[in-house]
Amino acid sequence: MSVEETGVPALDAILVWGGAITLLAGAGALLWRGVRGIVHLGRRVDELVDDWIGEQERPGVPGRPGVLERVSAIEERLGRVEHELYPNSGASLRDAVDLANRRLARLCDPGPDAPEAADPPPPSPTTTTSTPMPSPPTSTSP
């Protein structure tokens, strides 16, 4: 592809300079977008690192614990909950429930000298018939 001149030197110079400025502006815009993306990514990585390791308390801003401190606190709380779920020293919730169940069983136990439960009453004559109940009509809709 050959570049032809227009025959007017001033117009040729303007076209060449216009093309050069356009190319430089396009390259500058691409460079700006790349730099802006890298800066944005750097900020996000910085936020991630701050969240991971935590932040110290500053004047007017409370400190934030890091991820490992938070996980440690969660494990400690979970340990306290697990302590309540299994029988142990008698101070857990499980021990209290087991004690309540034992006491309730003693209260509900009839004992050896308690009178036996009476036989259930005989069924009434109306319920002893063996005639089947009629089935409800079925409808067939299209």
* Asked: Checking side-chain contact (heavy atoms from CB on, under 4.5 Å) for the pair R36/R33: CA distance, chi angles, key distance, verdict?
  -> CA-CA 5 Å; R36 192 176 72 174; R33 297 269 315 211; 3.9 Å; yes
* Separation of E75 CD from R77 CZ (nearest 0.5 Å) -> 12.5 Å
* Asked: Within the side chain of D12, is there an N or O that forms a donor-acceptor pair under 3.5 Å with the backbone of E5?
  -> no
N/O donor-acceptor pairs under 3.5 Å from side chains in residues 38-54, not counting sequence neighbours:
unit_1, atom_1, unit_2, atom_2, d
D51, OD1, R64, NH1, 3.1
D51, OD1, R64, NH2, 2.9

* Asked: So which pairs with a foot in residues 83-95 pass salt bridge (charged side-chain N to carboxylate O under 4.0 Å, His left out), sequence neighbours left out?
  -> R94-D98
* Structure fact -> Students should find that the hydrophobic cluster of L104, defined by side-chain heavy atoms under 4.5 Å apart, otherwise consists of none
* Where the side chain of S72 meets the backbone of L68, is there a donor-acceptor pair that is under 3.5 Å apart? -> no
* Asked: Does S92 reach the main-chain N or O of Y86 with its side chain, forming a donor-acceptor pair under 3.5 Å?
  -> yes
